[in-house]
Q: 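Take a look at this one; I'll ask things after.
One-based numbering along the sequence shown.
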Amino acid sequence: MVQLNDPNNRGDFISDARQELAGMLQDGLSHPSTKPVLAWGAIGAVAAVVLPFVTIPVGLAAGAGYQFYKRVRPN
């Protein structure tokens with residue numbers, strides 16, 4: 001099995017992201033990536049309330065997407 005955070009194996013981002021998302025969907029809140037991604041989504045939604053040109057769903061998606069990317073590619 002390929003370790004996602006192994007610096008020796010950069011692999012394909014799409015396959016790594018698909019594997020991470022499948023693990024998150026299968027394990028739910030017990031998966032180590034789920035809570036940080038949800039937390040950053042909430043932070044993005046709160047930031048969208050403050051920023052007049054960003055809607056709440058866009059802020060939520062941006063925050064969750066950023067953290068998901070950083071979980072798949074930490075460097």
Side-chain angles (χ1 to χ4, degrees):
M1 181 171 185
V2 175
Q3 293 295 327
L4 293 178
N5 295 331
D6 184 11
N8 297 325
N9 182 13
R10 295 306 293 170
D12 181 29
F13 176 76
I14 299 297
S15 63
D16 291 346
R18 185 178 305 160
Q19 183 181 25
E20 185 74 5
L21 184 60
M24 288 171 65
L25 291 173
Q26 185 176 28
D27 297 341
L29 288 175
S30 64
H31 193 276
S33 293
T34 304
K35 289 179 185 176
V37 169
L38 291 175
W40 274 83
I43 290 168
V46 169
V49 170
V50 177
L51 299 171
F53 53 88
V54 178
T55 63
I56 292 173
V58 170
L60 179 105
Y66 171 77
Q67 183 61 22
F68 182 75
Y69 176 79
K70 294 306 288 179
R71 295 294 291 189
V72 175
R73 291 288 186 256
N75 295 332

Q: List in chain and number order the residues that pass side-chain contact (heavy atoms from CB on, under 4.5 Å) with I14, two or more places apart in sequence or in another chain; answer none if no residue qualifies.
A: D12, R18
Q: Give a yes or no on whether Y66 and F13 share a hydrophobic cluster (residues Ile, Leu, Val, Met, Phe, Trp, Tyr; joining criterion: side-chain heavy atoms under 4.5 Å apart).
A: no
Q: Mind listing the side-chain donor-acceptor pairs of residues 33-59 below 3.5 Å, one per line with the distance, residues two or more places apart or on another chain?
A:
from : atom 1 : to  : atom 2 : distance (Å)
S33  : OG     : E20 : OE2    : 2.3
S33  : OG     : R71 : NE     : 3.1
S33  : OG     : R71 : NH2    : 3.4
T34  : OG1    : G28 : O      : 2.8
W40  : NE1    : Q67 : OE1    : 3.3

Q: NZ/K70 to CG/N75 distance, rounded to the nearest 0.5 angstrom?
A: 7.0 Å
